[in-house]
Amino acid sequence: MDSPFFATNALKWYDENRRDLPWRNTSDPYRIWLSEIILQQTRVQQGLPYYQRFIAAFPDVFRLAAAPPDKVLRLWEGLGYYTRARNLHACARLVVQNHQGVFPSRYEDLLRLPGIGPYTAAAIASMAFGQAVAAVDGNVYRVLARFFGLEQPINSPSGKRVFQKLAHELLDRQRPGAYNQAVMELGALVCTPKNPACHTCPVRSGCRAFQLNRWHKLPVKAQTRKIRTRYLHYLVFSGGNRVYMKKRKARDIWQGLYDFYCVETNRLQPAEKIVKSLGLRPGYISGVSPAYRHQLTHQKIVARFVVIGNPAGLPADAGLRPYTPAQAARLPKPVLITRYLADTGFL
DNA sequence: AAGGCGGGGAC
DNA sequence: GTCCCAGCCTT
């Protein structure tokens, strides 16, 4: 299905189904700008009352610029991302001081203002000034990825360029502002992240994701696996110039490398608690190391070493075997373990 | 390229 | 609990 189908039907649907929102009944750049800042990463339902309060308190950019910073921040309370409020105020003052209170109309000039990035600059330029620039936000990524069946990740720079270029090609040159809002409105009301209302979608018949039943797979996001913090409590059984170590099994970090008996928990625990959990008396503890930290690709390791000077309490069947310093030095070990052994002087 | 920022709603 | 939301800024 070709692009005119998408743009035409999205625009038509928008004209008939759009929500009546206050910033859509004006061409005042100040109001459009304010709404866009408030709606960054924020749902309309949450942002709407804030918009009303800001307009009531600051009807124009001069009133906002003249306000004390605390008053602006107080009105922003509860909305989150408070840098937005500080940038909002800074931007207002900049517009008043450097532009005589008149918002710049070109995308490139808007982009220079604090708090205005590529999306917001395009939104203002198109909606307030009719400039033919595509505003690409999370909704647009989702709608385009689904309609065109695009598998490029939306959170990589290369993927972003693909969507930006496509959005620019699709843009309705006659009504860029309405078109941009049409696509976003479609994403907000119909083509939602979960349970999209495909049965009411104006462009369903041309939608690749709908045809292939792949809406739930799109858009693709590159796995930005978040860092997991793991807390390892090592029990270092030692005595007679020997230290007890074991080989790590597969399917976890440090496969095949050698370390000590390990208790993993959700958080750092007192050494006594760890020892007790093994049925050992706390009196066996002959030393506790500070926390060692180690950064892996997607994990942060926090390790603490509890020295058990009495090998009598050795857990059977843990695969632990005694090694002399010379032997231990030759074993392959995680650098964390090597560091610890070096710190204690065992190696 | 990655991380931080935030509260709320859906699931 | 997780994911996402009309993103931007800093490092």
Side-chain angles (χ1 to χ4, degrees), chain A residues 10 14 18-19 21-24 29 31-51 54 73 75-91 94 107 110-128 133-146 153-161 163-164 167 176-197 215-229 266 295-300:
Chain A
Y14 177 70
R18 68 177 199 164
R19 290 170 288 182
L21 301 172
W23 50 85
R24 285 179 174 165
R31 298 193 172 216
I32 291 172
W33 163 70
L34 176 63
S35 75
E36 291 300 338
I37 301 298
I38 287 177
L39 292 176
Q40 284 168 7
Q41 296 295 113
T42 305
R43 295 169 197 274
V44 166
Q45 183 182 339
Q46 186 188 3
L48 185 53
Y50 286 86
Y51 174 83
F54 266 85
L73 268 178
L75 268 183
W76 199 271
E77 268 184 30
L79 199 51
Y81 283 139
Y82 296 93
T83 299
R84 287 186 295 172
R86 289 185 282 272
N87 281 336
L88 182 82
H89 199 206
C91 184
L94 208 154
Y107 171 86
L110 289 162
L111 200 50
R112 299 181 202 282
L113 297 172
I116 297 183
Y119 162 75
T120 306
I124 299 172
S126 64
M127 296 171 197
V133 286
V136 182
D137 73 340
N139 287 314
V140 180
Y141 285 125
R142 187 171 58 255
V143 171
L144 295 187
R146 287 175 176 170
I154 61 170
N155 56 346
S156 74
S158 62
K160 282 188 160 98
R161 281 195 293 274
F163 283 90
Q164 188 70 48
Y179 168 82
N180 281 331
Q181 295 184 78
V183 182
M184 293 190 285
E185 191 81 336
L186 199 53
L189 298 184
V190 176
C191 196
T192 48
K194 294 180 182 173
N195 304 322
W215 64 263
H216 57 287
K217 295 286 190 185
L218 297 172
V220 173
K221 292 190 75 174
Q223 301 85 333
T224 58
R225 280 193 268 174
K226 45 182 186 296
I227 304 293
R228 180 164 69 117
T229 304
N266 298 342
Q295 188 70 43
L296 298 172
T297 311
H298 295 110
Q299 304 181 44
K300 188 183 346 176

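Lettering of chains follows the sequences in order, A, B, ..., and the numbering in each one begins at 1. Given the structure is predicted, the values throughout are model-derived calculations rather than measurements. Atom set for the values below is all heavy atoms of this structure, side chains included, hydrogens, waters and symmetry mates excluded.
Annotation: side chain of A/Asn155 is not in contact with side chain of A/Tyr141 (no heavy-atom distance under 4.5 Å). Under the 4.5 Å side-chain criterion, counting only non-hydrogen atoms from C-beta, A/Leu34 is in contact with A/Tyr51. Between A/Val140 and A/Tyr119, every side-chain heavy-atom pair lies at or beyond the 4.5 Å cut-off. Here the side chains of A/Gln40 and A/Arg84 are in contact, with some heavy-atom distance below 4.5 Å. Contact annotation: the side chain of A/Leu48 approaches that of A/Pro22 to within less than 4.5 Å [non-hydrogen atoms, C-beta and beyond].
The residue among A/Gln45 and A/Leu79 whose nearest nucleotide of DNA chain B is located toward the 5' end is A/Leu79. If you find the closest nucleotide of DNA chain C to A/Asn139 and to A/Leu113, the one lying nearer the 5' end belongs to A/Asn139. Map A/Gly115 and A/Trp23 each onto its nearest nucleotide of DNA chain C; the residue landing nearer the 5' end is A/Trp23.
Note on A/Gln40: every side-chain N or O is 4.0 Å or more away from OP1 and OP2 of C/dG7. The side chain of A/Lys221 places no N or O atom within less than 4.0 Å of a non-bridging phosphate oxygen (OP1 or OP2) of C/dC3. Residue A/Arg84 has no polar side-chain atom (N or O) positioned under 4.0 Å from OP1 or OP2 of C/dC9. The side chain of A/Thr120 contributes an N or O atom lying less than 4.0 Å from OP1 or OP2 of C/dC8. Side-chain nitrogen and oxygen atoms of A/Asn195 include none within less than 4.0 Å of the OP1 or OP2 phosphate oxygen of B/dA10.
Rounded to whole Å, the separation between the P atoms of B/dC11 and C/dA6 comes to 14 Å. Here, C/dC9 and B/dG8 have their C1' atoms 23 Å apart, quoted to the whole Å. Remark: the separation of the C1' atoms in C/dC5 and B/dA1 is 23 Å, to the nearest Å.
Rounded to whole Å, the distance from CG on A/Asn155 to C1' on C/dG7 is 14 Å. Rounded to whole angstrom, the span from the CD1 atom of A/Ile38 across to the C1' atom of B/dG7 amounts to 15 Å. Look at CD1 on A/Ile37: it is 15 Å from P on B/dG6, rounded to the nearest Å. We find that CD of A/Gln181 is positioned 9 Å from C1' of C/dA6, with the value rounded to whole Å. Rounded to whole Å, the distance from CG on A/Leu88 to C1' on C/dC9 is 16 Å. Put simply, CG on A/Leu218 is 13 Å from P on C/dC4, counting in whole angstrom units. In this structure, OH of A/Tyr81 is placed 10 Å from P of B/dC5, rounded to the nearest angstrom. Remark: C1' of B/dC11 and NE2 of A/His216 are 16 Å apart, rounded to the nearest angstrom.
The side chain of A/Gln46 approaches B/dG8 more closely than any other nucleotide in the set C/dA6, B/dC5, B/dG8. Which of C/dC9, B/dG6, C/dC5 sits closest to the side chain of A/Arg142 comes down to C/dC5. Each of B/dC11, B/dG7, C/dC8 was ranked by its minimum atom distance to the side chain of A/Lys194; first place goes to B/dC11. Proximity note for A/Asn87 (side chain, C-beta onward) versus C/dA6, C/dC9, B/dG6: the nearest is C/dC9.
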Practice problem: For the pair A/Tyr81 and A/Trp76, evaluate ring-ring contact (aromatic ring centres under 6.0 Å, His included) and give the outcome as yes or no after the intermediate values. | Solution: CA-CA 9 Å; A/Tyr81 283 139; A/Trp76 199 271; 9.8 Å; no
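Applying the 3.5 Å distance criterion, the base of C/dC4 shares a donor-acceptor pair with the side chain of A/Arg43.
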